[in-house]
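The structure under discussion appears below in the form of C-alpha cells.
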Amino acid sequence: MPMAFRARIPRPDVVSAGLFAVAVVAGTMAVPSRATAPAIPLDALGVTLLVAAAVVTTGLRRTTPPVALAGAVVLVNGYLLAGYPYGPVLLCLVIAVFETARQRTPLRSAAVCAPAAVLSSATILVRVLSDRHDPGLLALAWSSWIVLPWSLGALVHVRDAARRRARHDLIARTALEERIRLAGEVHDIAGHGFALITMQAGLALLAFDEQPDQARRSLEAVRDTSAGALADLRGMLAAFHPRESGLTGLAALIDRVRTGGLPVDVAVEGPVPAPLAATVYRVVQESLTNVLVHAGPTTARVTVGRRGGELLVEVTDRGRGTPSTVAPPGRGLTGMRRRIEELRGHLETGPRDGGGFRVAARVPLPEADS
C-alpha cells in the first residue's frame with residue numbers, strides 16, 4: 001500500500017485489514033476440498049485476490065465505503081469466476097455493503113449497492129450452475145450477501161441520524177433558552193435603568209436654567225442609575241466569566257454537557273489559581289461544544305493540572321476528528337487561542353492517533369502559585 005495512500009487511512013484500519021486478510025486466507029485453506037468441488041486449487045493468484053479483497057474492503061470501509069464496495073465486487077467476483085474455492089472471501093461483500101449503507105443515506109446507498117447486487121448475483125449464478133449446484137442458492141446469496149447487510153446498515157444509519165438530530169436539537173434549544181434568559185435579564189436591567197435615566201435627564205433639561213439645584217440632583221441621579229445598571233450588567237455577565245474561585249461554574253458546565261448526551265470524565269489535579277479560572281472555563285466550554293457538534297457518538301475527557309510551572313487544560317475525545325474532517329478554526333477556537341496567547345501560553349489543537357481530537361492549553365502559572 002503506497003505511503004501517501006496509507007497516510008489517509010487510520011492506523012487501526014490498517015492493522016485490522018492485515019489481520020482480516022490473514023484470516024480470509026487461512027479460512028479458505030481450511031475449507032474441506034469436497035465442499036468446494038470442482039473448484040481449482042488455491043494458488044498464488046488466488047491468494048493475491050483474497051488478500052487484495054480483504055485489504056481493500058477492511059482498509060477503506062470507514063474512509064471511502066463506496067470505493068471499498070467497488071473493490072470488493074471486482075476482486076470477489078473475479079475470484080469466484082476464476083473457479084477458486086468458496087470461503088470467507090464472501091464476507092468482504094457483506095462488510096462493504098453494510099458500511100456503505102451505514103454511512104450513506106438509504107437512497108444513495110441503494111443506488112451504489114444495487115449494481116453490486118446485480119453483478120454479484122450474476123457471478124453467483126454462473127458459479128452455481130458451473131458447479132452443478134441448485135440454482136436456488138442464488139436467492140440465499142442475494143438475501144445474505146446483499147439485502148440483509150444493506151438493511152442492517154440502513155437501520156443503523158437511520159438510528160444514528162436520529163440521534164444526531166436529537167443532539168443538535170438539544171444544543172440549539174439549550175442555546176436558545178440561554179439567549180432568551182440573557183435577553184430577559186438585559187431587558188430588566190437596561191430597560192429599568194434607561195427609563196430612569198431618560199426621566200431624570202428630562203427633568204434636568206427642564207430645570208437647568210430656573211432650578212439649578214434640581215438639575216444637579218437629576219444629573220446625579222442619572223450618574224448613580226447608570227453606574228448601578230452597569231454594575232448589575234457586569235454581575236450578570238460574570239456568570240459567563242467565572243473569576244471568583246478556581247473552578248466556579250465548571251461543574252455546572254460539565255453537568256449540562258452530560259445532559260446533552262456526551263459522557264465526560266473529569267480529572268482535576270490540584271487547585272486552579274483564581275486569575276486563570278476564566279481561561280479554564282472557556283477552554284473546556286469551547287472544546288466540549290466542539291465535541292458535541294462535530295465528533296459524533298464518543299466520550300470526552302477533561303484534565304486540569306499543573307505541569308512544570310504551567311497549568312495544563314486538556315480536552316480529548318475519540319470521535320471523528322481526523323485531518324480530513326476537521327474544519328478550519330472557527331471563532332471559538334480563534335478566541336480561545338487569543339485568550340491563551342494573551343496569558344503567554346500555548347494552545348495545541350489537532351487530531352489524535354487512532355481517531356479523535358485533542359485540545360491542550362498550557363498557561364504559565366502566576367509566580368505566587370508556581
Side-chain angles (χ1 to χ4, degrees), residues 167 170-171 174-175 178-179 182 236-296 298-323 325-353 355-370:
R167 176 175 292 185
L170 178 60
I171 294 172
T174 302
E178 188 67 16
R179 287 195 295 268
L182 179 60
M236 179 193 65
L237 294 176
F240 299 92
H241 301 273
R243 299 178 185 273
E244 297 76 17
S245 62
L247 295 178
T248 300
L250 187 61
L253 170 65
I254 298 297
D255 288 340
R256 289 197 300 270
V257 172
R258 287 169 175 163
T259 302
L262 175 65
V264 181
D265 293 329
V266 182
V268 179
E269 305 166 4
V272 175
L276 302 181
T279 300
V280 173
Y281 185 92
R282 283 306 184 195
V283 170
V284 175
Q285 181 187 49
E286 181 62 25
S287 301
L288 292 180
T289 299
N290 288 338
V291 174
L292 274 171
V293 175
H294 300 296
T298 185
T299 59
R301 180 173 179 81
V302 176
T303 304
V304 180
R306 304 185 179 206
R307 300 290 188 276
E310 293 181 326
L311 179 68
L312 171 65
V313 184
E314 186 180 64
V315 181
T316 59
D317 67 84
R318 283 296 183 185
R320 295 192 298 264
T322 65
T325 61
V326 175
R331 294 181 181 177
L333 286 178
T334 301
M336 189 194 310
R337 188 177 303 277
R338 183 172 59 250
R339 178 187 290 269
I340 296 298
E341 291 175 350
E342 288 175 353
L343 296 173
R344 298 180 292 111
H346 179 65
L347 180 69
E348 298 177 358
T349 61
R352 305 174 63 190
D353 291 340
F357 201 79
R358 175 177 179 266
V359 175
R362 295 181 180 271
V363 181
L365 289 166
E367 293 183 0
D369 296 274
S370 58

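Residues Leu343 and Pro364 come closest through the heavy atom pair O-CD, 3.4 Å. Nearest heavy-atom pair, Leu276 versus Pro366, reported as atom, atom and distance to 0.1 Å: CD1-CD, 4.0 Å.
How far CZ of Arg307 is from CG of Leu365: 11.0 Å, rounded to the nearest 0.5 Å. In this structure, Arg301 CZ and Asp265 CG are separated by 6.0 Å, a value rounded to the nearest 0.5 Å. We find the CZ-CD distance between Arg358 and Glu314 to be 4.5 Å, quoted to the nearest 0.5 Å. Between atom CG of residue Leu312 and atom CD of residue Glu348 there is a gap of 9.0 Å, rounded to the nearest 0.5 Å.
Between Glu286 and Arg337 there is no salt bridge, since none of the side-chain N atoms of the basic residue sits less than 4.0 Å from a carboxylate O of the acidic one.
For the pair Ile340/Val283, a side-chain contact is recorded, criterion being any heavy-atom separation below 4.5 Å from C-beta on. Residues Leu288 and Ile254 have side chains in contact (heavy-atom distance under 4.5 Å, counting atoms from C-beta outward). Side chains of Val363 and Val313 form no contact here, defined as non-hydrogen atoms less than 4.5 Å apart.
Panel note: side chain Arg352, backbone Asp317; a donor-acceptor pair is recorded below 3.5 Å. Using modelled atom types, no side-chain atom of Thr299 and backbone atom of Pro263 make a donor-acceptor pair closer than 3.5 Å. In this structure a side-chain-to-backbone donor-acceptor pair under 3.5 Å is present from Arg306 to Pro271.
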